[in-house]
J.: 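I am attaching a structure below and will ask some questions about it afterwards.
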Amino acid sequence: MSKAAEIDIASVSKVYGTTTAVHAISLKIPAGTYCCLLGPSGCGKTSTLRMIAGHETISSGDVRLGNTVVTDLPPAQRGTAMMFQSYALFPHLDLVDNIAFSLKMKGVEKDARRAKAMEMLQLMQLEAYATRRPAQLSGGQQQRVALARALITDPEALLLDEPLSALDPFLKIRMRAELKKLQTSLGITFVHVTHSQEEAMALADLIVVMNEGRIEQAAHPRTVFEQPATAFVARFMGEHNVISGRVIHSGDSQLTLSVAGGGDFTATDTGAAGLAESVDIAVRTDHVRIGEPLGKGLGFTGSVTNVEYRGSSVKLSIIGAGIEDFTAILTDREFFATPVKVGEAIPLCWDVEDAVVLGRLKH
């Protein structure tokens, strides 16, 4: 296999008519990284992937692969390979010819390209199916054929557009493990577009959270999870409550904010909010407990609006203190030791280090 390449995206924008799909984003993806572009539909992640691949023209800015500026190169000359969501296999060709197709287009003679295709089938543990056609395979097998076809050109970077979206939940989890294993063994750079937080957390060394054509945060999964950079990331990753309010006091690396028509809350001031008058703070859902707060601004009393049993945990939805929708995730043991019902008023609390001030993206 060829070596991995660093991907450097420098102030890249994509404009369609009067709509800007990607706003001058800059991102460095280190060589050999498994990078997930994560975000809701329409956030610009697929446009970004297609600009790296060369399937979409870049309106402004540059993409560099290793030491080469590839901005104006056609896809076949970039050293990247793309695997599409639909797999796009040829129904009339057997697996060997499907996989060898790009080598055929490059003029590689038949025996050499078929031998290379068989090597790829072995890598995917599909050699027994060499003479089959795509329609005779399961979804997971078709996906492995599409992977083999993308990898036969020895790319420096493999680009994957929602590769697991067509699979059932059980197969998704199995293929996730296979993708990670494949990337580790090949050592090449993978850039994978997904809207699933769970998928990105399971696979990536680098998660890039996108929203409305901008990068909200690019960091290791644990950092994104534990220290979301903005309210959008905190909400999108789904493991934090976001409380918005007006700053009424700051100092000693803490600040207090007041929620309109509700309570006051204390948070650790990371300096992220600067001198803003209004701030967002994040409170980890799984660090919220039932009980009286130990300090001022570290909890509130609210009314339970929903109880959702999840097996190892129980999710409570609460309203109160000017907060419309607050979530607490308790372990099943904690919950069933003192169960609560919808309509009950309960005190909630958390520790000061579990409430963090969030930054805001400057547009």
Side-chain angles (χ1 to χ4, degrees), residues 1-5 7 31-36 49-50 52-55 65-66 74-167 171-194 199 203:
M1 274 303 189
S2 57
K3 61 177 179 43
I7 299 171
T33 297
Y34 201 124
C35 170
C36 280
L49 191 77
R50 290 175 64 83
I52 298 170
H55 295 298
L65 200 74
Q77 289 174 25
R78 291 194 175 207
T80 60
M82 184 144 170
M83 182 178 147
F84 298 95
Q85 198 173 351
S86 61
Y87 309 150
L89 301 173
F90 299 112
H92 60 289
L93 297 181
D94 68 15
L95 300 199
V96 174
D97 285 337
N98 255 293
I99 292 167
F101 187 77
S102 60
L103 297 185
K104 184 182 182 181
M105 300 310 287
K106 286 184 171 176
V108 176
E109 59 98 20
K110 190 172 180 179
D111 288 349
R113 70 175 186 255
R114 287 182 72 87
K116 184 81 195 266
M118 281 306 293
E119 255 176 61
M120 298 310 300
L121 277 171
Q122 279 165 349
L123 179 69
M124 297 295 162
Q125 297 168 334
L126 287 172
E127 60 270 39
Y129 301 93
T131 57
R132 289 200 187 178
R133 301 214 168 154
Q136 297 168 300
L137 302 180
S138 70
Q141 289 166 335
Q142 286 183 23
Q143 192 198 39
R144 299 221 283 280
V145 175
L147 268 171
R149 191 179 57 181
L151 290 168
I152 198 166
T153 56
D154 284 345
E156 294 173 22
L158 179 66
L159 312 174
L160 305 118
D161 185 12
E162 302 220 13
L164 307 180
S165 61
L167 304 178
L171 195 53
K172 261 191 178 98
I173 291 168
R174 258 203 25 223
M175 283 309 299
R176 233 163 46 193
E178 288 199 22
L179 278 178
K180 187 72 184 165
K181 199 168 88 186
L182 189 64
Q183 192 267 336
T184 309
S185 65
L186 297 174
I188 64 175
T189 310
F190 275 35
V191 186
H192 173 136
V193 160
T194 179
E199 200 171 290
L203 284 167

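Each residue takes its place number in the sequence, starting with 1. Owing to the predicted nature of the structure, the values given are computational and were not obtained by experimental measurement.
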J.: Taking the side chain as every heavy atom from C-beta outward, state whether Lys116 and Ile99 have any pair of such atoms under 4.5 Å apart.
T.: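 They are not in contact (no side-chain heavy atoms under 4.5 Å apart), so the answer is no.
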J.: Can a donor-acceptor pair be found, under 3.5 Å and without considering hydrogens, that links the side chain of Gln141 to the backbone of Ser138?
T.: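 Between the backbone of Ser138 and the side chain of Gln141 there is a qualifying donor-acceptor contact (under 3.5 Å).
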J.: Could you go step by step and tell me if Leu121 and Val96 meet the side chain to side chain contact (heavy atoms under 4.5 Å, CB included) rule?
T.: CA-CA 8 Å; Leu121 277 171; Val96 174; 3.9 Å; yes
J.: For residues Met124 and Leu147, report the shortest heavy-atom separation together with the two atoms involved.
T.: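 Smallest interatomic distance, heavy atoms only, reads CE-CB, 3.8 Å.
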J.: If we only count heavy atoms from C-beta on, is the Val145 to Leu126 side-chain gap below 4.5 Å?
T.: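 When only atoms from C-beta onward are counted, Leu126 and Val145 do touch, with a gap below 4.5 Å.
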J.: Does the pair Ile152 and Glu119 meet the rule for a side chain to side chain contact (heavy atoms under 4.5 Å, CB included), with working shown?
T.: CA-CA 9 Å; Ile152 198 166; Glu119 255 176 61; over 6 Å; no
J.: Quick one: does any side-chain atom of Thr189 pair with a main-chain N or O of Ala5 as donor and acceptor, under 3.5 Å?
T.: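 Looks like yes, one N/O pair under 3.5 Å.
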J.: Closer than 3.5 angstrom, by distance alone: can the side chain of Gln122 be matched with the main-chain N or O of Glu127 as a donor-acceptor pair?
T.: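 Side chain of Gln122 to backbone of Glu127, a donor-acceptor pair under 3.5 Å: no, none is there.
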J.: Is Asp97 paired with Arg113 through a side-chain N to carboxylate O contact shorter than 4.0 Å?
T.: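 Judged by the 4.0 Å cut-off on N to carboxylate O distance, Arg113 and Asp97 do not form a salt bridge.
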J.: Assess the residue pair Thr153 and Lys106 against the criterion (side chain to side chain contact (heavy atoms under 4.5 Å, CB included)); give the C-alpha distance rounded to whole Å, side-chain angles, the decisive distance to 0.1 Å, and a yes or no.
T.: CA-CA 10 Å; Thr153 56; Lys106 286 184 171 176; 4.2 Å; yes
J.: For the side chain of Arg78 and the backbone of Ile52, is there at least one donor-acceptor N/O pair under 3.5 Å apart?
T.: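 Confirmed, Arg78 side chain pairs with Ile52 backbone.
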J.: Minimum heavy-atom separation for Thr80 to Pro155, with atom names?
T.: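 Looking at all heavy atoms of both residues, the shortest contact is C-CB, 3.9 Å.
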J.: Working to the nearest 0.5 angstrom, can you tell me the gap between His55 NE2 and Met82 CE?
T.: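 Rounded to the nearest 0.5 Å, the NE2-CE separation comes to 5.5 Å.
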J.: With sequence neighbours excluded, what pairs up with Tyr129 under the ring-ring contact (aromatic ring centres under 6.0 Å, His included) test?
T.: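 Checked Tyr129 against ring-ring contact (aromatic ring centres under 6.0 Å, His included); zero matches.
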J.: With Val191, which of Asp161, Thr33, Leu49 fulfils side-chain contact (heavy atoms from CB on, under 4.5 Å)?
T.: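 Going through Asp161, Thr33, Leu49 one by one, the side-chain contact (heavy atoms from CB on, under 4.5 Å) with Val191 is satisfied by Leu49 alone.
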J.: Report the distance from atom CG of Leu123 to atom CZ of Arg144, rounding to the nearest 0.5 Å.
T.: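 One gets 10.5 Å once the value is rounded to the nearest 0.5 Å.
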J.: With a 4.5 Å heavy-atom cut-off, do Arg149 and Met120 have their side chains touching?
T.: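 Of all side-chain heavy-atom pairs linking Met120 with Arg149, none is under 4.5 Å.
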J.: If I take atom OG1 from residue Thr184 and atom OH from residue Tyr34, how far apart are they, to the nearest 0.5 angstrom?
T.: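 Interatomic distance, Thr184 OG1 to Tyr34 OH, rounded to 0.5 Å: 9.5 Å.
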J.: Kindly indicate whether the side chain of Leu137, heavy atoms from C-beta on, has any atom under 4.5 Å from the side chain of Leu95.
T.: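 A side-chain contact exists here, since the closest heavy-atom pair is under 4.5 Å.
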J.: Roughly how far apart are Gln142 CD and Arg132 CZ, rounded to 0.5 Å?
T.: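 With rounding to 0.5 Å, CD (Gln142) is 12.0 Å from CZ (Arg132).
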J.: Hey, are the side chains of Leu151 and Leu182 touching, using non-hydrogen atoms and a 4.5 Å cut-off?
T.: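 Yes, their side chains come closer than 4.5 Å.
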J.: Which distance, rounded to the nearest 0.5 Å, do you find between the NE2 of His192 and the CZ of Arg176?
T.: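 Separation between the atoms: 9.5 Å.
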J.: Looking only at heavy atoms, what is the nearest atom pair of Pro91 and Arg133, with distance?
T.: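 So the minimum-distance heavy-atom pair works out to O-CD, 3.4 Å.
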J.: Tell me the closest heavy-atom pair linking Asp94 and Arg114, and the distance in Å.
T.: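 Taking every non-hydrogen atom into account, OD2-NH2, 4.3 Å.
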J.: Nearest heavy-atom pair of Leu179 and Pro163: which atoms, and what distance?
T.: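 Reported closest heavy-atom pair: CD1-CG, 4.3 Å.
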J.: For Leu93 and Pro134, work out which heavy atoms get closest and say how close.
T.: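 Smallest interatomic distance, heavy atoms only, reads O-CD, 3.3 Å.
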J.: Working to the nearest 0.5 Å, report the span between CD1 of Ile173 and CG of Leu167.
T.: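 Taking CD1 in Ile173 and CG in Leu167, the distance rounds to 11.5 Å.
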J.: Using only atom types and a distance under 3.5 Å, with no angle test, would you say the side chain of Gln183 pairs donor to acceptor with the backbone of Ile188?
T.: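 Such a contact is found between Gln183 side chain and Ile188 backbone.
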